[in-house]
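In this chain, numbering begins with 1 at the start of the sequence shown.
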Amino acid sequence: MKNINLRILVLEDSMQDMELIRELLTDVGYILDLTHVENEAAYTKKLRENCYDIILSDFSLPGFDAFGALEVSKRICPEVPFICISGSIGEETAIDLLKLGAVDYVLKDRPERLPFAVKRALDEAKEKTAHFKAEVELKQSEEKFRNIFHNHTAVKLILDPETGKIIEANKSAADFYGWSVDELQQMTLSQINIVSLEMLKKEMEDAQKLKKNQFEIKHTKADGSVVDVEIFSSIIDYGGKHFLHTIIHDISERKIMLQELVKAKEKAEENDKLKTAFINNISHEIRTPLNGILGFGHFLSDEKLSPEKRKEYYKIMTESGNRLMNTVTDYMDMAMIVSGTMRVNKKEFAVKPLFEEIIEEARPLQSGKNIRFVTEIPKQYADLSIQSDSKFIRKILNILLSNAYKFTKDGIIISGYRVLPGSIEFFVQDTGSGISPDKLDLIFDLFTQEETSDTRGYDGSGLGLTIAKGLVNILGG
């Protein structure tokens, strides 16, 4: 205790006792700034005018005592420790003083105890001051946190990790979920989470263990809508207990965007595959008829060729030329459909005559195959006329019929039309090889065939059904 400054107020009417107090405290190393008073008026005045580290008071003075002095000090400077020094105080009286706020008492017949009582009183006062300061700072910190929490634009909740109860919710949370702040604070997290209770508990346990956590989940709002949210959780001490401070971000749009990006990536990858198949296909579809044209054209230049062979080779060249023309036409049609430049020429025409022409034109496809062809035309609508593009309808049915003949070795092909309320349904059915169920969603895609290898058993660009679908869409079918 060497060289410790001590501002002390002594209420004592005995100069001998006052000097003893000075001597005892000086001997243990205190550097005293001592103020001596002998009555209530002077005592009260000094307390109002100055600040002291400790008050030492005799128990009994003329017209004043330690109880009165303690009451005055508690009113003016309650944080300053008060010690009673007396030669006549009894144990019960001393206890009463301690109950009222005195920190200690020292008997005058044991004055050597005074330095220890003073030191203990000062240490306790210092500890109380520090504790009080910490409480004030904590209160200010909590108030600051509360203001930031409630006024923050982010959606925030404070949760009890043991029960999932919502302890606090800010205004942004109320605006986001559609419940008021008071309503949210009566709810538990399970009432807004679209997950099992077990999963919810696991997420909260993880947040406690890691002291910080981030995860994605689905939440429901007051209107019943469900949104994807990203949760950021961290542990905070709030009122002496651990709680979860959670920040909620609505990521519904981000989720949709990610899904669209995934689909776009998958689509791009699929397009790459389709383009590869298309390049292989177009190479095959152009080179094959060209080889026929060039090869048999060379044979035709032979003057020794018999008329029968010349006729046969010419037929092959014609078929190859038609196949090449159809291939080029398909690519041009598809390009116009994709670019939106395909022109529609709608006008009124009779359905039955057009349909019969299409069927008749398709009959040569039946050559060399054991196929029975059946048409179904409703007799009651023999004179029916419609407003549409007959060339588009002709091309669509030609594609369907060509496919039916191409993939049917023997059996039956049925084609016709039905009149439905507000529309006409054209159809082509066959008993051919059919299409695998897992390919049904792909056959109308660009450049796609069920079999895309170079060794497939059928010719064609793989654009037929895509063109048919594109034309149907243009016609509003």
Side-chain angles (χ1 to χ4, degrees), residues 144-238 241-274 338 340 438 440-442 444-446 469 473:
K144 184 179 180 181
F145 171 78
R146 187 180 292 273
N147 288 334
I148 293 173
F149 176 84
H150 283 288
N151 297 321
H152 206 284
T153 55
V155 177
K156 291 190 174 190
L157 299 174
I158 294 178
L159 309 170
D160 186 334
E162 295 177 1
T163 63
K165 188 178 186 307
I166 299 173
I167 305 301
E168 293 278 359
N170 67 355
K171 185 178 182 300
S172 295
D175 294 339
F176 177 67
Y177 288 109
W179 288 289
S180 68
V181 170
D182 291 338
E183 287 174 327
L184 284 169
Q185 290 175 178
Q186 300 301 315
M187 297 168 64
T188 62
L189 194 58
S190 61
Q191 291 175 270
I192 60 176
N193 259 335
I194 309 298
V195 294
S196 65
L197 185 60
E198 291 73 18
M199 182 179 176
L200 180 59
K201 286 182 177 179
K202 182 181 181 302
E203 296 290 0
M204 295 175 73
E205 287 171 1
D206 289 344
Q208 291 186 79
K209 289 176 185 176
L210 300 174
K211 296 192 176 180
K212 192 172 184 181
N213 200 8
Q214 180 271 331
F215 53 92
E216 294 179 6
I217 208 166
K218 290 184 181 292
H219 276 184
T220 183
K221 296 185 176 183
D223 61 6
S225 61
V226 176
V227 291
D228 289 290
V229 295
E230 184 176 36
I231 305 290
F232 292 89
S233 294
S234 58
I235 299 293
I236 61 168
D237 280 326
Y238 192 66
K241 184 179 176 181
H242 286 321
F243 288 93
L244 284 179
H245 176 229
T246 62
I247 302 174
I248 298 97
H249 291 161
D250 185 352
I251 59 170
S252 298
E253 290 186 5
R254 191 172 81 190
K255 279 279 191 180
I256 293 171
M257 189 182 302
L258 285 173
Q259 290 171 0
E260 290 176 348
L261 285 174
V262 169
K263 288 180 181 177
K265 178 177 176 291
E266 291 174 349
K267 185 68 175 176
E269 291 173 349
E270 183 64 26
N271 283 342
D272 284 341
K273 294 177 183 177
L274 293 177
V338 171
D438 60 332
L440 287 175
D441 293 334
L442 300 176
F444 292 105
D445 289 347
L446 205 59
K469 182 183 178 184
N473 289 338

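- Considering CD of Glu168 and NE2 of His150, their distance stands at 4.0 Å, rounded to 0.5 Å.
- The side-chain heavy atoms of Ile166 and Trp179, taken from C-beta on, include no pair separated by under 4.5 Å.
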Evaluate the side chain to side chain contact (heavy atoms under 4.5 Å, CB included) criterion for residues Leu157 and Ile192: first the C-alpha distance (whole Å), next the side-chain angles of each, then the deciding distance (0.1 Å), finally the verdict. CA-CA 12 Å; Leu157 299 174; Ile192 60 176; 4.2 Å; yes
- Starting from the C-alpha separation in whole Å, work towards a yes-or-no answer on side chain to side chain contact (heavy atoms under 4.5 Å, CB included) for Ile158 and Leu244. CA-CA 6 Å; Ile158 294 178; Leu244 284 179; over 6 Å; no
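- Here the straight-line distance linking atom CD of Glu260 with atom NZ of Lys263 works out to 7.5 Å at 0.5 Å rounding.
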I'd like to know whether His249 forms a side chain to side chain contact (heavy atoms under 4.5 Å, CB included) with Phe232, so could you lay out the CA-CA distance, the side-chain angles of the two residues, the decisive distance to 0.1 Å, and finally the verdict. CA-CA 8 Å; His249 291 161; Phe232 292 89; 3.5 Å; yes
| request: Test Lys241 against Asp160 for salt bridge (Lys or Arg N to Asp or Glu O under 4.0 Å), laying out the working first. | output: CA-CA 9 Å; Lys241 184 179 176 181; Asp160 186 334; 3.2 Å; yes
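- By the 4.5 Å heavy-atom criterion applied to side chains, His219 and Tyr177 are counted as neighbours.
- Between the side chains of Asp250 and Ser252, at least one donor N or O sits under 3.5 Å from an acceptor N or O.
- Each of Lys221, Glu253, Lys218 was evaluated against Val227; a single residue qualifies, Lys221, per the side-chain contact (heavy atoms from CB on, under 4.5 Å) test.
- To the nearest 0.5 angstrom, Ile231 atom CD1 is 8.5 Å from Leu159 atom CG.
- Not counting sequence neighbours, the partners of Gln191 by the side-chain contact (heavy atoms from CB on, under 4.5 Å) test are Met187, Thr188.
- Within the model, atoms NZ of Lys156 and CD1 of Ile248 stand 10.0 Å from one another, a figure rounded to the nearest 0.5 Å.
- A distance of 12.0 Å separates CD1 of Ile256 from CG of Leu261, quoted to the nearest 0.5 Å.
- Ser172 contributes a side-chain N or O that, together with a main-chain N or O of His152, makes up a donor-acceptor pair within less than 3.5 Å.
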Practice item. Take Lys255 and Glu216, measure what side chain to side chain contact (heavy atoms under 4.5 Å, CB included) needs, and give me the verdict at the end. Key: CA-CA 10 Å; Lys255 279 279 191 180; Glu216 294 179 6; 3.1 Å; yes
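- The CD atom of Gln185 sits 8.5 Å away from the CD1 atom of Ile167 when rounded to the nearest 0.5 Å.
- Taking the side chain as every heavy atom from C-beta outward, Asn170 and Asn151 never approach each other to under 4.5 Å.
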